[in-house]
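Below is one structure, written out as structure tokens, with a few remarks after it.
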Number of protein chains: 2
Amino acid sequence: MHYTRDNMAGLLRSHDINPTHQRIEIAYALFSRQEHLSADQVMAIVNTRHSETSKATVYNTLKLFLEKGLVREVIVDPSKVFFDPNTSPHHHLYEVDSGKLSDIDAEHVVISGLPPLPAGMVTEGIDLIVRVRRTS
Amino acid sequence: MHYTRDNMAGLLRSHDINPTHQRIEIAYALFSRQEHLSADQVMAIVNTRHSETSKATVYNTLKLFLEKGLVREVIVDPSKVFFDPNTSPHHHLYEVDSGKLSDIDAEHVVISGLPPLPAGMVTEGIDLIVRVRRTS
DNA sequence: CGCCGATCTGGACTTTGTCTAATATTCGGA
DNA sequence: TCCGAATATTAGACAAAGTCCAGATCGGCG
Ligand SMILES: [Mn+2]
Ligand SMILES: [Mn+2]
Ligand SMILES: [Zn+2]
Ligand SMILES: [Zn+2]
């Protein structure tokens with residue numbers, strides 16, 4: 001599957017999001033790259049050409065995408081949140097020094113032996129983060 | 001093992017940390033409670049009685065404890081870091097709504113099928129976070 | 001064209017955390 | 001015990017991420 005600006009409107013509609021110019025640009029930034037981006041990075045990307053999208057809109061839009069399940073949040077760096085266009089179950093490899101974040105396919109990873117959940121609780125997700133460092 | 005202010009100095013020295021009044025208070029806040037605390041919470045606790053420890057000292061001290069391996073950092077909430085006096089290998093259960101964070105013993109948890117690390121990389125830690133929500 | 005709800009915006013504000021330069025404390029040695 | 005150097009603490013300025021709001025703008029429809 002190949003992402004273009006032109007198929008962003010359909011993607012947004014399929015997630016019950018009204019497609020606007022700004023939302024299309026922001027979605028395109030994430031989906032065309034298939035990378036983990038911070039709000040700051042998204043803002044820099046969408047404002048490279050000319051369109052001028054405000055900070056408030058970038059944050060509002062990313063939050064909207066999150067609520068609608070179009071993207072997922074990755075909390076791995078204490079100073080900023082990353083947004084992930086890959087919403088299929090997967091884990092993350094985090095290079096502590098460089099801040100580089102990459103995906104680990106969940107398909108072959110098995111997590112067993114977790115204790116039963118407290119009553120009245122339901123799992124929203126299991127985040128597995130492998131923190132690595134360059135051999136010094 | 002039972003933690004008192006009086007045995008904090010020894011604990012600090014055993015981790016190569018010069019025990020000072022402020023450091024003892026901060027360590028005592030964490031170890032006597034055995035809870036995950038944010039810097040803000042630590043500051044509130046140590047300043048409840050009278051001692052008046054500054055914000056800079058709270059942050060400096062928590063970072064020092066981290067470097068010396070006396071506490072560990074838990075990154076689970078996008079808005080603040082939690083400090084964990086439990087440095088033995090364990091995982092976390094995070095209640096998304098309430099923000100409550102609790103330990104999952106690592107002893108019976110098995111994680112298998114992780115892909116090999118990129119060359120020249122060494123694992124610094126594996127963080128497993130089970131995000132749960134109250135059944136609605 | 002003109003209306004109206006939805007969206008976008010600048011900028012003030014909040015929160016978490018960092019930095020700095022001045023002050024205070026600690027601690028080993030005389 | 002006293003002293004000086006090294007170490008630690010501090011107030012407050014600063015920075016960065018993120019939130020909020022009231023007013024401006026957009027865009028689809030009659
Ligand atoms: Mn989806
Ligand atoms: Mn230890
Ligand atoms: Zn990912
Ligand atoms: Zn813990």
Task: Arg5(B), CZ: over 12 other non-hydrogen atoms inside 6.0 angstrom - done: yes
Open item on the list: Is any side-chain heavy atom of Tyr94(A) closer than 4.5 Å to one of Leu101(A)?
Closed with: yes
TODO: Using the six-membered ring wherever Trp is involved, compare the ring planes of His92(B) and His36(B) and label them parallel, tilted or perpendicular (cut-offs 30° and 60°).
DONE: perpendicular
- [ ] Examine distances only and state if a side-chain atom of Asp103(A) and a backbone atom of Asp105(A) form a donor-acceptor pair shorter than 3.5 Å.
- [x] no
Below 3.5 Å is the cut-off: list the nitrogen or oxygen pairs between protein and nucleotides 22-24 of chain D, distance only.
none

Task: Any donor-acceptor pair under 3.5 Å from Asn47(B) side chain to Thr53(B) backbone - done: yes
Open item on the list: A side-chain contact here means heavy atoms from C-beta on lying under 4.5 Å apart; do His21(A) and Ile24(A) qualify?
Closed with: no
Please enumerate all protein N or O atoms sitting under 3.5 Å from an N or O of nucleotides 26-30 of chain D, with distances to 0.1 Å.
residue : atom : partner  : partner atom : Å
dG27(D) : OP1  : His21(A) : NE2          : 2.9

Under 3.5 Å, side-chain donor or acceptor atoms of residues 113-130 of chain A against the rest of the protein: list the pairs with distances, not counting sequence neighbours.
residue   : atom : partner   : partner atom : Å
Glu124(A) : OE2  : Arg133(B) : NE           : 3.0
Asp127(A) : OD2  : Arg131(B) : NE           : 2.6
Asp127(A) : OD2  : Arg131(B) : NH2          : 3.0

- [ ] Check whether any side-chain heavy atom of Leu70(B) sits under 4.5 Å from a side-chain heavy atom of Phe31(B), and report yes or no.
- [x] yes
Task: Any Phe83(A) side-chain heavy atom under 4.5 Å of Leu30(A) side chain - done: yes
Task: Hydrophobic cluster of Ile75(A), others only, ordered by chain and residue number, side-chain cut-off 4.5 Å - done: Ile75(B)
So which protein nitrogen or oxygen atoms get under 3.5 Å of nucleotides 12-18 of chain D's nitrogens or oxygens?
residue : atom : partner  : partner atom : Å
dG18(D) : OP1  : Val81(A) : N            : 3.3
dG18(D) : OP2  : Tyr59(A) : OH           : 3.1
dG18(D) : N7   : Lys55(A) : NZ           : 3.4
dG18(D) : O6   : Lys55(A) : NZ           : 2.8

TODO: Could you tell me whether the side chain of Glu107(A) reaches within less than 4.5 Å of the side chain of His90(A), counting heavy atoms only?
DONE: no
Open item on the list: Going 5' to 3' along DNA chain C, which are the first and last nucleotides with any atom under 4.0 Å from a heavy atom of chain B?
Closed with: dT16(C) to dC27(C)
Open item on the list: What is the separation between atom CG on Asn18(B) and atom P on dT7(D), rounded to the nearest whole Å?
Closed with: 9 Å
TODO: Looking only at non-hydrogen atoms, find the nearest pair between Leu12(B) and Ala27(B) and report the distance.
DONE: CD2-CB, 4.1 Å
Open item on the list: If we ignore hydrogens and angles and just use 3.5 Å, is the side chain of Arg23(A) paired with the main-chain N or O of Pro19(A) as donor and acceptor?
Closed with: no
- [ ] Using only side-chain N and O atoms of Thr20(B), determine if any of them is under 4.0 Å from OP1 or OP2 of dT9(D).
- [x] yes
Open item on the list: Can you measure Ile26(B) atom CD1 to dA8(D) atom P for me and round it to whole angstrom units?
Closed with: 13 Å
Task: Nearest-angstrom distance from the residue atom NZ of Lys68(B) to P of dT7(D) - done: 11 Å
